[in-house]
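Both ligands and their constituent atoms are indexed starting at 1 by order of listing.
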Amino acid sequence: MTLDPKDWDAFRASAHAMLDASIDKLTNAREGRVWTPLPDEQRSAIETDLPMNGSTTADVQQDLESFLQYGVGNTHPRFFGWVHGAGAPSGLMAEIAAGAMNVNAGGRDHVAPIVERQVLSWAAEMVGMPKETSGLIVSGTSMATVIALKTARDQRIDTAKTSGAPQGQLVGYTSTQTHSCVAQAFDILGLGKDALRKVSCNDAFEMDANALIDMIAKDKAAGLTPFLIVGTAGAVNMGAIDDLEQFADIAAQNDMWFHVDGAFGATANIGQYAKSRLTGLSRADSLAFDFHKWLQVNYDAGCVLIRNEAAHRASFSDRPEYLRGSERGLAGGAFWAVDYGPELSRGFRALKVWAHLKEHGIKALADVIDRNIEQAQYLEGLVNASNKLEMLAPVPLNICAFRYVFEDNNDALNEEIVVRLQESGIAVPSTTVINGQMAIRVNLTNHRTQNSDLNMLVEAITKIGGELS
Ligand SMILES: *Cc1c(COP(=O)(O)O)cnc(C)c1O
C-alpha cells in the first residue's frame, strides 16, 4: 500500500476544485471583510483527536476550502496592519510545482540550487550589491539576521585569533527603532541582548551618528570590542531610513561589520522615490530583507546577502562524511545551501520568488512600491485636512501614524477605534506608540490598495471616533 490516491480521477477532481476555490478567493480579494475570526464550530473541526483512520481526499478538500476566508486578511486591499505583503495569485502555481517536485534544497545537483543562485544574483542587483554577493533564501528577515550576524561575529573572532590582538567582549550598535529580531539574534548567538547597544534617534527617527560615535569610543575605552553596526532601511515603526552612507563610513573607520536591516525598505531601491536614500546599501557587509513584504511574494520568503562569500561559507560549512560533495553525479553541484545556513533539509522556497520576479518583472513591482509611497502621502493629506485627526510623526516612506483627537484619554480611545475597525471587517490598521502617544498606524505594502480604500478608512475612523466622543 502506498499513500498515492486509489482513484487518481477523484484526486484530480478534488485538486481542481481546490484550485478553483483558491482562484475564486483571489478574484474576489477586494470583496467582503478584511479579517474574520474563526467561528467556534470551525475551530472544533480542527481541534480533534489524533486521526487514526484517514478520510477521503474530497473531505479534506472541503476542510481546506472552509479555511480560505479565515486568514490574517492581508490579501485584502484594506489590510494596513504591521508590515505584511499581499501576495499574488501567481504564487499558487509555483507552490503547486514545488509540491509536486518535493525537492530537498539543502544541496546536490538539481534545479533548485540553480534557481536559488539565480534569485540571489537578482536580489543583489536589485539592492545594488555586487552580483557575486553570497546569500541564502530563508523564511524571513529574522532568520536572515541570525545568519548575517553569526557571520559577522565569527569573522571577528577569526581575525582576532590570527592577529593575536586582545579581544574584549563583542558589542554591537543599532538604533532604538530597530526591529526586535536584531536583539533576538544577539541572544541566539550567545552574545547576550545587552551586548546590543541602542543608539538614540533624531526627530526623524534616524540613528544619531554622534551618539553612536560616543558610545563606540566609551566601549573601546572600557576594553570592549565594538564589532557591528546595524543600520535600518525602513524601520518597522515609522519607515525611517538611517543615513546608511554615514554608518558605512563609521563602520569602516572603526574596523566594524556594517549590517543593514532592510526587511521591506531595501526593496524600495527598485522604485524612484527612496532610491537616493538607499545608496549605502551597496556598501553593506550584509543585508537582511524580505520578498514576502513589499515585493508581494507569497509567505514565506526572505533573503540574506553577504558580501564576503568566504566568510559566509566559513561560518556555516562543516559537512560530515555522509554529506560529502563530489565532482559528478547527484552529489555534485556548486551551490550547497547547507554551507550557508543552519538548515539542512529545506523546501523549494526560491521557486516562487523566481516565478514571481519572472512573471511580473521589476518595473511592475517598482510601480507597486512607488504607488504605496504616494498613497502614504495621500493619506497624510487626508489626515491634515481633517479637524478630528492629527499626524503624530513624519512620513518618510510608506507608514502613517496619526490619531483621532479626543478631549481626554486619547490612548485608550484610539486603541478602541483600531479594535473596532478590525472587528467590523472594514479595515485592519495596527497601533504603535510615538513619543509616548498611542497612534493609529497605517502601513502600505499592498498592491491592491487604492486611494478610495484610504478614503473609506478615514471615513470609518471619523465615524467611530465621533461615536466614541
Ligand atoms: C518584518 C520586519 C522584520 C522581521 O522580518 P520577518 O520576515 O518577519 O522575519 C525585521 N525588520 C523589519 C524592519 C521588519 O519590518
Side-chain angles (χ1 to χ4, degrees), residues 72 74 79-87 91 123 127 135-150 172 174-188 193 196 198-199 201 204-207 228-242 244 247 259-269 274 277-278 280-281 284 286-305 341-343 346 349-350 352-353 356 369 372-373 376 393 396-401 428-432 441-446:
V72 176
N74 54 321
F79 187 95
F80 308 121
W82 304 277
V83 185
H84 282 34
V127 299
L136 200 64
I137 306 298
V138 293
S139 55
T141 292
S142 303
M143 178 55 90
T145 303
V146 171
I147 293 173
L149 268 45
K150 175 166 160 40
T174 195
S175 94
T176 51
Q177 290 291 307
T178 297
H179 193 274
S180 56
C181 74
V182 179
Q184 185 107 48
F186 266 64
D187 184 41
I188 291 171
K193 285 187 180 175
L196 179 67
K198 298 284 176 68
V199 183
C201 289
F205 300 96
E206 299 157 0
M207 180 154 64
L228 171 79
I229 297 174
V230 178
T232 305
V236 63
N237 219 12
M238 293 312 317
I241 300 175
D242 285 337
L244 303 174
F247 295 114
H259 173 75
V260 177
D261 177 347
F264 58 100
T267 56
N269 193 49
R277 288 179 284 155
L278 293 168
L281 287 175
S286 56
L287 168 69
F289 77 94
D290 284 319
F291 292 106
H292 57 215
K293 286 180 174 169
W294 226 348
L295 291 175
Q296 316 294 328
V297 172
N298 279 16
Y299 281 88
D300 50 12
C303 184
V304 60
L305 292 174
E343 295 175 328
R346 52 206 287 281
R349 217 178 244 134
K352 63 187 173 188
V353 185
H356 185 85
I369 289 173
N372 283 154
I373 293 173
L397 202 59
N398 63 321
I399 299 174
C400 280
V428 172
S430 55
T431 57
T432 190
R441 177 179 167 288
V442 174
N443 162 78
L444 293 152
T445 46
N446 190 326

Visitor: Could you walk me through whether T174 and F247 satisfy the side-chain contact (heavy atoms from CB on, under 4.5 Å) test, starting with their C-alpha distance in whole Å, then the side-chain angles of each, then the deciding distance to 0.1 Å, before giving a yes or no?
Guide: CA-CA 10 Å; T174 195; F247 295 114; over 6 Å; no
Visitor: With respect to W294, which candidate in N372, N443, T267 satisfies the side-chain hydrogen bond (donor to acceptor under 3.5 Å, both in side chains) definition?
Guide: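 For W294, the side-chain hydrogen bond (donor to acceptor under 3.5 Å, both in side chains) test succeeds with only one of N372, N443, T267, which is N372.
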Visitor: Run N237 and T432 through side chain to side chain donor-acceptor pair (under 3.5 Å) and show every step you take.
Guide: CA-CA 7 Å; N237 219 12; T432 190; 2.4 Å; yes
Visitor: Below 6.0 angstrom between ring centroids: does that apply to F79 and H84?
Guide: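 Ring centres of H84 and F79 closer than 6.0 Å.
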Visitor: What residues sit with at least one heavy atom under 4.0 Å from ligand 1?
Guide: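 Within the 4.0 Å shell of ligand 1, which is judged on heavy atoms, sit G140, T141, S142, H179, C181, G234, V236, D261, A263, F264, D290, H292, K293.
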Visitor: Can you measure from CD1 (I137) to CE (M143) and round to the nearest 0.5 angstrom?
Guide: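 Answer rounded to 0.5 Å: 13.5 Å.
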Visitor: Atom CZ in F80, atom OG in S430: separation rounded to 0.5 Å?
Guide: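 Nearest 0.5 Å value for the CZ-OG distance: 11.0 Å.
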